[in-house]
Amino acid sequence: MPEYPAGGQQRPLLLNVLSVDDDEIDRMRLRKICRSAGLQIDFHEAANLQEMRQKLEDEFFDLVFLDHNLGMDTGLDALKILVTHEDQVQAVPIMLTSATSYQIAVEAMRKGCADYIVKEQLTVDALIKSVTSAIERRALYGQLSSSRASEKELKRIFERFMLGCGPEIRVLLSRTLAGLRVIKSQARAGEGADPVHLSDFSALERSCKDMVMFMDDVETVVHDCRLALGTAGARQLQ
């Protein structure tokens, strides 16, 4: 969270940053550019995956820069370690690639990287743009994930409702509507039918019909959800 000194003036947010790169000079260059960009950082370094794993156990990181070339390993190996670490879910990964590694950058983005920077184009402006867009993209993804989770939970509630209560409610509504029609018919056939009672019966009949329409809508939602899940499963098997 942002820190505020006495007097209420806002200080820049302090970011915990990890650089995973086997080249010490490149790590020093990244640290210098981060500070030249005005980022208030606590900078940590790892030269290989073993050191990276230890750093992930010791600290919570906001930004993790992953060099693609890590000797015998790759930035994709490092990315997998990061995104599967249960204590680093808030960390925003950014891949550093060479100018000829755009295919790797695309693969990294597909596997959970928030952004990438071409090393030969690493400047203050490029870093600011990448960090800003990466954090915004991660925030948007979090909002979408939350929305999708809420939608899935709502559909599960609908399905439980339809499976557990739906059949009985439909039977009760059908019987109620049939009974109301009989009562209204008898009341109209006889003399001295109370207009208030007839109005109440009509309102109850409309409510029952609305409830039937609601049940139909819920059933459609559940059916469409099952079709979507079936289609997704079929695609995964292809």
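Because only heavy atoms are used, hydrogens play no part in the values below, and waters and symmetry mates are left out as well, while side chains stay in. Owing to the predicted nature of the structure, the values given are computational and were not obtained by experimental measurement. For the single chain, residues carry numbers from 1 onward in sequence order.
- Minimum heavy-atom separation, D115 to S130: OD2-OG, 3.0 Å.
- Note that the CZ atom of R27 and the NE2 atom of H44 stand 13.5 Å from one another [nearest 0.5 Å].
- Within the 4.5 Å cutoff, side-chain heavy atoms of E59 are placed close to those of N16.
- In this structure, C208 and T176 approach most closely via the heavy-atom pair SG-CG2, 3.7 Å.
- By the 6.0 Å contact criterion, CD on E24 is open, its count of non-hydrogen atoms from other residues, nucleotides or ligands being 12 or less.
- In this structure, K119 and D26 approach most closely via the heavy-atom pair NZ-OD2, 2.6 Å.
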Quiz item: Can I104 and E107 be said to form a side-chain contact (heavy atoms from CB on, under 4.5 Å), step by step?
Solution: CA-CA 5 Å; I104 298 298; E107 181 71 5; 5.6 Å; no
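- Taking every heavy atom of both residues into account, L82 and M52 meet most closely at CB-CE, 3.9 Å.
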Exercise. Could you check F65 against L127 for side-chain contact (heavy atoms from CB on, under 4.5 Å), going step by step and ending with a plain yes or no?
Key: CA-CA 11 Å; F65 293 94; L127 181 73; 3.7 Å; yes
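- Between the CG atom of L76 and the CG atom of L70 there is a distance of 10.0 Å, given to the nearest 0.5 Å.
- In this structure the side chain of Y116 never reaches within 4.5 angstrom of the side chain of H68, judged on heavy atoms.
- Here the shortest heavy-atom pairing between L14 and D62 reads O-OD2, 4.0 Å.
- Put simply, V92 and I117 are part of the same group of oily side chains (I, L, V, M, F, W, Y) that touch within less than 4.5 Å, one to the next.
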Practice problem: Test L56 against L18 for side-chain contact (heavy atoms from CB on, under 4.5 Å), laying out the working first. | Solution: CA-CA 9 Å; L56 296 180; L18 173 63; 4.1 Å; yes
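- Between E45 atom CD and L30 atom CG the span is 9.0 Å, to the nearest 0.5 Å.
- Within the 4.5 Å cutoff, side-chain heavy atoms of D67 are placed close to those of D22.
- Annotation: the span from L63 atom CG to L15 atom CG amounts to 5.5 Å, rounded to 0.5 Å.
- To the nearest 0.5 Å, atom CG of residue D58 and atom CZ of residue R53 are 14.0 Å apart.
- Rounding to the nearest 0.5 angstrom, the gap separating the NE2 atom in H85 from the CD atom in E57 is 3.5 Å.
- The minimum heavy-atom distance linking F61 with Q90 is given by the pair O-NE2, 3.0 Å.
- Across D21, V20, L96, I81, a single residue satisfies side-chain contact (heavy atoms from CB on, under 4.5 Å) together with L66, and that is V20.
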